[in-house]
Amino acid sequence: AGLFRRGVPTQLGGDGGSIADVTATARELQRDDQAAAWIFRVQRHAIELLVHAENAGLREFLLPQWLQGERAGTVPLDANSHPLLATPVG
């Protein structure tokens, strides 16, 4: 529990660790479960982008949910991919 908080500043709800801590966690997960490691990497990538985003309102709204694992975040893997669209699901 709390893996998504690694490397996120404490003032934003994280544990204040470093990117090296995030990398070590991803490697540890990779040894045990490749699917879990992939999900961790994708979610942490989205979290890292949100942490450094200029849109403080979006960060304040989404980051707590992303850090808790209550909501998933993602980013396109290819810069040439189609734009992401949000779809309400309930």
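Owing to the predicted nature of the structure, the values given are computational and were not obtained by experimental measurement.
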### Summary
Scanning both residues in full, the closest heavy-atom pair of Ala37 with Ala26 reads CB-O, 4.0 Å

### Query
Once you round to the nearest 0.5 Å, how far does CG of Leu3 lie from CG of Leu29?
6.0 Å

#### Entry: Test side-chain contact (heavy atoms from CB on, under 4.5 Å) applied to Asp21 - qualifying residues, sequence neighbours left out
Ser18

### Query
Which distance, rounded to the nearest 0.5 Å, do you find between the CD of Gln30 and the CZ of Phe40?
12.0 Å

### Test item: Gln43 side-chain N/O and Phe4 main-chain N/O as donor-acceptor pair under 3.5 Å
no

#### Entry: Set of residues satisfying side-chain contact (heavy atoms from CB on, under 4.5 Å) with respect to Pro64, sequence neighbours excluded
none

### Message
Considering only residues two or more places apart or on different chains, which pairs with a residue in residues 47-67 satisfy side-chain hydrogen bond (donor to acceptor under 3.5 Å, both in side chains)?
### Response
Arg44-Glu48, Glu48-His52, Gln65-Arg71

### Summary
Residue pairs passing the salt bridge (charged side-chain N to carboxylate O under 4.0 Å, His left out) test with at least one member in residues 23-42, sequence neighbours excluded, are none

### Message
Can a donor-acceptor pair be found, under 3.5 Å and without considering hydrogens, that links the side chain of Asp15 to the backbone of Thr10?
### Response
no

### Partner of Arg5 under side chain to side chain contact (heavy atoms under 4.5 Å, CB included), chosen from Ile47, Leu12, Leu67
Leu67

#### Entry: For the student: nearest non-hydrogen atoms of Gly73 and Ala46, plus distance
C-CB, 3.6 Å

### Query
Would Val8 and Phe61 show up in the same hydrophobic cluster when neighbours are defined by side-chain heavy atoms closer than 4.5 Å?
yes

### By side chain to side chain donor-acceptor pair (under 3.5 Å) - contacts of Gln68 (at least two apart)
none

### Query
More than 12 foreign heavy atoms under 6.0 Å from CD of Glu70: is that the case here?
yes

